[in-house]
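Taking it in order: structure first as structure tokens, then the write-up.
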Amino acid sequence: MNWSFLEGLISGVNQYSTGFGRIWLSMVLIFRVMVFVVAAQRVWGDESKDFVCNTVQPGCNNVCYDSIFPISHIRLWAMQLIFVTCPSLMVVGHVKYRKKKDLQYTTSHEGHHLYANPGKKRGGLWWTYLLSLIFKAGFDAAFLYILYYIYEGYDMPRLSKCNLAPCPNVVDCYISRPTEKKIFTLFMVISSSLCVLMCICEMVYLIFKRIQKLLVKKREADSRLFAERHEMKPLARPRSDIRSKKSIWVDPTNTASIQNLSNTEGEEAPIQNLSEDLLKKKRSKLQNRWIEFA
């Protein structure tokens, strides 16, 4: 079986994945695909030929082999790898759809882009990526359960007993290299379990980052709303706008002082809390006193 297409497919998703997704991809390529292609197929290549039962009854070996191995481990793992990597097509297809849509929008809107980065996990692409992770973890967990259910565990017994027809009685059957097959079975089960764990970690990471962004946006919106409702207003006029009170002494014997007082009143702003009528009264009193003194 040629796995180059599958390798190219899941490698294309690497540019859209997070750190956990890249770890998952490395584990699938190195610990599952390569081990499956290089070693596992050779280990299980002689399972039917070297399966032996202590009987010469025609057909007994075939019936007992079918009972002990309802489905080959190799074919089950091949199906598992195909099902686990297929959800990546969802992400690749969604990104391709975004790029095509962005190209059409750019053509019709004079160079303006619909997406700043079509491969960025936002909006619908975020949900597609999360759904692909759920499918990956679900398929891996389902195949692990199927393997456990069919073979009643992950062990590979050295001796199996069979009493199905046309066997004349209970016969003992032996498989070739049971220890080696058990080791490879446990290796594939552990690697599949780690891939499920990586998918769960990536889902938690994506959900946590999404919640964090929503909380930040909500906090910014609340701060903006609070600032609009409680706009700060100056409690007092600026110090530069308030004229400092100056004490002016007028010499009743000097007419220049009265002129300076009138010039000062004309040039400067009126003294706070002092009305023009009061100033006129004071000026008239000073003039009367000067006339009496003269």
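Clustering ILVMFWY residues whenever any of their side-chain heavy atoms sit less than 4.5 angstrom apart, transitively, puts Leu144 in the very cluster that holds Ile146. Tyr151 and Ile183 fall into different hydrophobic clusters, where Ile, Leu, Val, Met, Phe, Trp and Tyr are joined by side-chain heavy atoms under 4.5 Å apart, directly or via other members. A continuous path of hydrophobic side-chain contacts links Tyr205 to Leu194 [ILVMFWY only; heavy atoms under 4.5 Å]. There is no path of hydrophobic side-chain contacts, each under 4.5 Å, that joins Val171 to Phe69. In the hydrophobic clustering of this structure, Ile190 does not group with Met34; members are Ile, Leu, Val, Met, Phe, Trp, Tyr whose side-chain heavy atoms approach within less than 4.5 Å, directly or through other members.
Note: Trp127 CH2 to Leu206 CG = 11.0 Å, rounded to the nearest 0.5 Å. Arg32 contributes atom CZ, which lies 3.5 Å from atom OG of Ser192 (distance to the nearest 0.5 angstrom). Here CE of Met79 is found 4.5 Å from CZ of Phe143. Values are rounded to the nearest 0.5 Å. Taking NE2 from His94 and CG from Leu125, the interatomic distance works out to 5.5 Å, rounded to the nearest 0.5 Å. Note that CG of Asp140 is 8.5 Å distant from OG of Ser191, once rounded to the nearest 0.5 Å. Here Cys173 contributes atom SG and Asn54 contributes atom CG; the two are 7.0 Å apart, rounded to the nearest 0.5 Å.
For Thr128 against Met90, the heavy-atom pair with the smallest separation is CG2-O, 3.7 Å. Heavy atoms only, all atoms of each residue included: Leu81 and Thr85 are closest at O-OG1, 2.7 Å. Contact between Gly21 and Tyr129 at its shortest, heavy atoms only, is CA-OH, 4.3 Å.
Across Val84, Leu197, Thr18, a single residue satisfies side-chain contact (heavy atoms from CB on, under 4.5 Å) together with Trp24, and that is Val84. The ring-ring contact (aromatic ring centres under 6.0 Å, His included) test with Phe83 is passed by exactly one of Phe135, Trp77, Phe139: Phe139.
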Only distances under 3.5 Å count here; give the side-chain donor-acceptor pairs of residues 155-169 to other protein atoms, sequence neighbours excluded, each with its distance to 0.1 Å.
| unit_1 | atom_1 | unit_2 | atom_2 | d |
| --- | --- | --- | --- | --- |
| Asp155 | OD1 | Lys182 | NZ | 3.3 |
| Arg158 | NH2 | Thr179 | OG1 | 3.0 |
| Lys161 | NZ | Asp172 | OD1 | 2.8 |

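Below 30°, between 30° and 60°, or above 60°: for Tyr65 and Phe51 the angle between ring planes is above 60°, a perpendicular geometry.
Between Tyr148 and Tyr154, the ring centre distance stays below 6.0 Å. His73 and Phe184 have their aromatic ring centers separated by at least 6.0 angstrom.
Here the side chain of Ser67 pairs no donor or acceptor atom with the backbone of Val63 at under 3.5 angstrom. The main-chain N or O of Val95 is never found under 3.5 Å from a side-chain atom of Lys100 such that the two would form a donor-acceptor pair.
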Next on the checklist: Applying side-chain contact (heavy atoms from CB on, under 4.5 Å) to Met203 and Ile200, what does each step give before you reach the verdict?
Outcome noted: CA-CA 5 Å; Met203 284 188 284; Ile200 294 174; 4.1 Å; yes

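Between Arg224 and Glu220 there is a side-chain heavy-atom pair separated by less than 4.5 Å. Inter-residue side-chain proximity for Ser26 and Phe31 is flagged as unmet; no heavy-atom pair is nearer than 4.5 Å. The shortest distance between side-chain heavy atoms of Thr55 and Asn61 falls below 4.5 Å.
Through direct or indirect side-chain contacts shorter than 4.5 Å among Ile, Leu, Val, Met, Phe, Trp and Tyr, Val52 is connected to no other residue.
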